[in-house]
Amino acid sequence: MDTKKDPFQNLQERMRNALADHSIRAFQELSSSTRDLMSCYRCAIMEIETKFRVLNERFSLQHDRNPIDSIQSRLKSPDSILDKMLRKKLPFTLEAIENNIFDIAGIRVVCSFVDDIYMLADCLLQQDDITLIDRKDYIKNPKKNGYRSLHLIIEVPIFLQNEKKIMKAEVQLRTIAMEFWANLEHQLRYKKDLSPELMEQTSYQLSECARLSAVLDEQMQAIRDIIEKEEDSSEKSDSPKKPSDRLSRPILSALENYATKAE
């Protein structure tokens with residue numbers, strides 16, 4: 001027998017332990033209307049996913065490769081929404097949720113190369129129904145722990161039976177190497193009962209791994225760029241080229257740059 005509770009029931013139980021009776025009643029009234037809001041956020045996710053799938057399809061037709069490796073999405077859980085409302089001391093209203101919590105709908109686009117990230121972001125933001133609210137570039141300015149990704153908060157319209165509704169969503173764009181590091185970093189760092197000394201050592205090693213993953217992205221980008229230039233020049237000239245010599249230089253340069261940063 002399945003005894004799993006509705007997440008909103010779990011939420012109401014937490015509210016009874018955390019808030020006064022009048023606040024509980026306010027949230028109980030909110031929770032029923034929140035279901036409709038969550039449906040709208042799911043529709044926003046579908047709209048944004050479709051936009052990226054169209055961009056991926058058109059790019060692959062023109063360039064014979066796909067800039068997108070995968071697209072993932074998630075809807076913030078009721079518990080997470082409650083935690084954020086309590087931290088921000090927000091009133092329990094739909095307006096407070098919509099106007100203050102911008103990452104309820106989340107889409108993650110994993111790309112092959114770093115320049116694919118910026119190309120896709122530009123293509124998305126050039127669409128006349130997309131409005132940019134906030135942009136945080138953790139690729140050019142990584143977080144202290146080494147995290148890299150491009151974050152966009154955007155508004156997108158969804159079309160319902162009798163109305164158009166503007167929804168906010170968070171889009172994260174990162175490379176395969178960034179995704180690999182972020183997933184393992186989360187597993188290794190969090191929910192571990194480590195001593196302060198070991199935690200510091202682990203943080204340093206994870207930061208070093210992040211820099212190595214940045215070098216990997218740089219090397220892969222350089223290799224792809226050189227191959228594409230080689231293909232372009234081969235179409236214009238029959239003269240033989242030496243791609244191996246040209247490939248070695250950016251790789252060695254990337255490694256030398258990493259060694260300099262690590263010292």
Which residues pass the side-chain contact (heavy atoms from CB on, under 4.5 Å) test with K88, sequence neighbours left out?
K84, L90
Atom CD1 of I158 and atom CE of M167: how far apart are they, to the nearest 0.5 Å?
5.5 Å
With sequence neighbours left out, the residues meeting side-chain contact (heavy atoms from CB on, under 4.5 Å) with Q205 are none
The criterion is salt bridge (Lys or Arg N to Asp or Glu O under 4.0 Å); which residues satisfy it with E47, sequence neighbours excluded?
none
Run the salt bridge (Lys or Arg N to Asp or Glu O under 4.0 Å) test against K143 and tell me which residues pass, sequence neighbours left out.
none
Kindly give the heavy-atom pair with the smallest separation between K168 and Y41, and that separation in Å.
O-CE2, 3.4 Å
Go through M85 and I101 one step at a time and tell me if the side chain to side chain contact (heavy atoms under 4.5 Å, CB included) criterion holds.
CA-CA 8 Å; M85 293 178 77; I101 304 179; 3.8 Å; yes
Note: with side-chain heavy atoms under 4.5 Å as the link, the other cluster members for L184 come out as F180
Can you check whether K76's main-chain N or O pairs, donor with acceptor, with S80's side chain at less than 3.5 Å?
no
Any pair with a residue in residues 106-129 that passes salt bridge (charged side-chain N to carboxylate O under 4.0 Å, His left out), sequence neighbours left out, goes on the list, sorted by first then second residue, please.
K51-D129, R65-D116, R108-E179, D115-R224, D116-R224
I'd like a table of donor-acceptor pairs (distance under 3.5 Å, sequence neighbours excluded) in which one partner is a side-chain atom from residues 132-142, with atom names and distances.
unit_1: D137; atom_1: OD1; unit_2: Y118; atom_2: OH; d: 3.2
unit_1: D137; atom_1: OD1; unit_2: I139; atom_2: N; d: 2.9
unit_1: D137; atom_1: OD1; unit_2: K140; atom_2: N; d: 3.1
unit_1: D137; atom_1: OD2; unit_2: Y118; atom_2: OH; d: 2.9

For E155, is there an ion pair with K165 - N to carboxylate O distance below 4.0 angstrom?
no
By side-chain contact (heavy atoms from CB on, under 4.5 Å), which residues pair with S213, not counting sequence neighbours?
R148, A177, W181
Under the side chain to side chain contact (heavy atoms under 4.5 Å, CB included) rule, what do I154 and L125 come out as? Steps first, then yes or no, please.
CA-CA 9 Å; I154 62 172; L125 296 176; 4.0 Å; yes
Tell me every residue that passes side-chain contact (heavy atoms from CB on, under 4.5 Å) with E95, counting only those two or more places apart in sequence or in another chain.
T93, N99
Backbone N or O of M178 within a donor-acceptor pair of the T175 side chain at under 3.5 Å?
yes
Any heavy-atom pair between the side chains of M38 and I104 that's under 4.5 Å?
yes
May I ask you to check whether over 12 heavy atoms, not counting those of D64, lie within 6.0 Å of atom CG?
no
Which residues pass the side-chain hydrogen bond (donor to acceptor under 3.5 Å, both in side chains) test with E200, not counting sequence neighbours?
none
So does L173 get a backbone contact from the side chain of S149, meaning a donor-acceptor N/O pair under 3.5 Å?
yes
Less than 4.5 Å apart, side chain to side chain, heavy atoms only: is that true for Q72 and E49?
no
Working for side chain to side chain contact (heavy atoms under 4.5 Å, CB included), residues D103 and R74:
CA-CA 10 Å; D103 62 344; R74 65 105 183 93; 4.0 Å; yes
Decide yes or no for L120 and C111: does some side-chain heavy atom of the first lie under 4.5 Å from some side-chain heavy atom of the second?
yes
Could you list the cluster mates of M220? Members are the ILVMFWY residues connected by side-chain heavy atoms closer than 4.5 Å, either directly or through other members.
F113, L216
Here the gap from D69 atom CG to R174 atom CZ, rounded to the nearest 0.5 Å, amounts to 12.5 Å
Can you give the donor-acceptor pairs under 3.5 Å from side chains of residues 54-61 to other protein atoms, not counting sequence neighbours?
unit_1: N56; atom_1: OD1; unit_2: I68; atom_2: N; d: 3.1
unit_1: S60; atom_1: OG; unit_2: N56; atom_2: O; d: 3.3
unit_1: S60; atom_1: OG; unit_2: E57; atom_2: O; d: 2.7

